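Data first, discussion second: the structure below is written as structure tokens.
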Amino acid sequence: QVHLIESGGGLAQPGGSLRDSCAASEGTLSRYSMAWFRQAPGKEREFVAAIVRSGERTYYSDSVKGRFTISRDNAKTTVYLQLSSLKPEDTAVYYCAARANFWAVVVASGYDYWGQGTQVTVSS
């Protein structure tokens with residue numbers, strides 16, 4: 001079992017950038033493929049980005065492709081989501097998730113562990 005701790009988020013203007021981080025409370029995330037999801041008020045949780053366990057492959061939703069980047073550090077202790085060219089519609093609570101499998105998937109039900117969520121607000 002792994003306990004995920006998120007940090008980052010905050011308030012940004014349209015066109016600005018933020019970075020979210022997700023770390024394990026103990027040990028590393030090297031056993032897990034990782035993903036970020038988000039949930040806006042009144043909407044369902046949606047897939048944002050994912051990275052396989054090795055870090056060699058990444059996946060993005062069409063709505064964030066080219067603007068967001070998911071990565072993990074060499075020691076695989078932390079997973080990042082770089083949010084750039086932010087839009088007001090990116091406003092949501094962002095959750096990191098871990099899956100005990102090499103391959104990542106784009107559905108929330110495929111993930112075993114979840115972080116507490118971090119608020120991202122994009123507004124002028």
Side-chain angles (χ1 to χ4, degrees):
Q1 188 169 355
V2 62
H3 180 55
L4 302 175
I5 301 174
E6 300 177 31
S7 59
L11 174 64
Q13 292 186 341
S17 299
L18 291 170
R19 190 175 79 162
D20 286 345
S21 301
C22 176
S25 58
E26 295 182 359
T28 75
L29 297 173
S30 60
R31 294 179 53 204
Y32 305 94
S33 61
M34 301 294 297
W36 290 91
F37 289 76
R38 67 185 181 186
Q39 188 166 18
K43 295 187 177 182
E44 293 185 353
R45 191 168 297 189
E46 65 171 351
F47 170 75
V48 175
I51 187 166
V52 300
R53 193 167 63 192
S54 67
E56 294 175 348
R57 290 193 181 182
T58 56
Y59 307 89
Y60 298 94
S61 68
D62 289 342
S63 62
V64 307
K65 194 174 297 182
R67 300 189 298 120
F68 291 9
T69 303
I70 188 171
S71 62
R72 60 198 308 165
D73 67 12
N74 291 338
K76 299 178 181 176
T77 61
T78 306
V79 175
Y80 303 98
L81 183 68
Q82 179 69 40
L83 302 82
S84 302
S85 302
L86 283 162
K87 304 176 181 180
E89 51 263 43
D90 294 320
T91 296
V93 177
Y94 284 70
Y95 298 89
C96 71
R99 168 180 163 86
N101 192 288
F102 179 89
W103 295 105
V105 296
V106 301
V107 293
S109 60
Y111 288 84
D112 304 300
Y113 306 104
W114 291 84
Q116 80 283 3
T118 183
Q119 177 69 47
V120 170
T121 302
V122 184
S123 175
S124 56

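Values in this document were obtained by computation on a predicted structure and should not be read as measured data.
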Open item on the list: Keeping Gln116 on the side-chain end and Glu6 on the backbone end, is there a donor-acceptor pair under 3.5 Å?
Closed with: yes
- [ ] Search all heavy atoms of Ala49 against all heavy atoms of Leu81 and return the closest pair with its distance.
- [x] CB-CD1, 4.2 Å
Open item on the list: Please verify the inter-ring angle class for Tyr32 with Tyr113; under 30° counts as parallel, over 60° as perpendicular, anything in between as tilted.
Closed with: perpendicular
TODO: Give the minimum heavy-atom separation between Thr91 and Val122, together with the two atoms involved.
DONE: OG1-N, 2.9 Å
Open item on the list: Any heavy-atom pair between the side chains of Gln39 and Tyr94 that's under 4.5 Å?
Closed with: no
Task: Donor-acceptor contact below 3.5 Å, side chain Ser33 vs main chain Asn101 - done: yes
TODO: State whether the number of non-hydrogen atoms from other residues, nucleotides or ligands found under 6.0 Å of Gln1 atom CD is greater than 12.
DONE: no
Task: Nearest heavy atoms of Val107 and Tyr111, plus distance in Å - done: O-CD1, 3.4 Å
TODO: Return the minimal non-hydrogen interatomic distance between Ser21 and Thr78, and the atom names on each side.
DONE: CB-CG2, 4.1 Å
Open item on the list: Rounded to the nearest 0.5 Å, what separates atom CG in Leu83 from atom OG in Ser17?
Closed with: 8.0 Å
- [ ] Taking atom CZ of Arg67 as the centre, report whether more than 12 heavy atoms of other residues, nucleotides or ligands fall under 6.0 Å from it.
- [x] yes
TODO: Answer with yes or no whether the side chains of Ser61 and Ser63 bring together a donor and an acceptor at under 3.5 Å.
DONE: yes
TODO: Drop me the distance from Ser71's OG to Ile51's CD1, to the nearest 0.5 angstrom.
DONE: 6.5 Å
Task: Donor-acceptor pair, side chain of Arg99 and main chain of Ala104, under 3.5 angstrom - done: no
Open item on the list: Is any side-chain heavy atom of Arg72 closer than 4.5 Å to one of Leu29?
Closed with: yes
Task: Electrostatic pair Lys65:Asp62 at N-O distance under 4.0 angstrom - done: yes
- [ ] Please report the shortest heavy-atom distance between Ile5 and Ser25, naming the atom on each side.
- [x] CD1-CB, 3.7 Å
Task: Closest non-hydrogen atom pair between Gly10 and Leu18, with its separation - done: O-CD1, 3.7 Å
Task: Student check: side-chain heavy atoms of Val105 and Tyr59 closer than 4.5 Å - done: no
TODO: State which residue, out of Trp36, Phe37, Tyr60, fulfils the side chain to side chain contact (heavy atoms under 4.5 Å, CB included) condition with Phe47.
DONE: Phe37
Task: Face-on cation placement of Arg45 at Tyr95 ring, 6.0 Å and 45° thresholds - done: yes
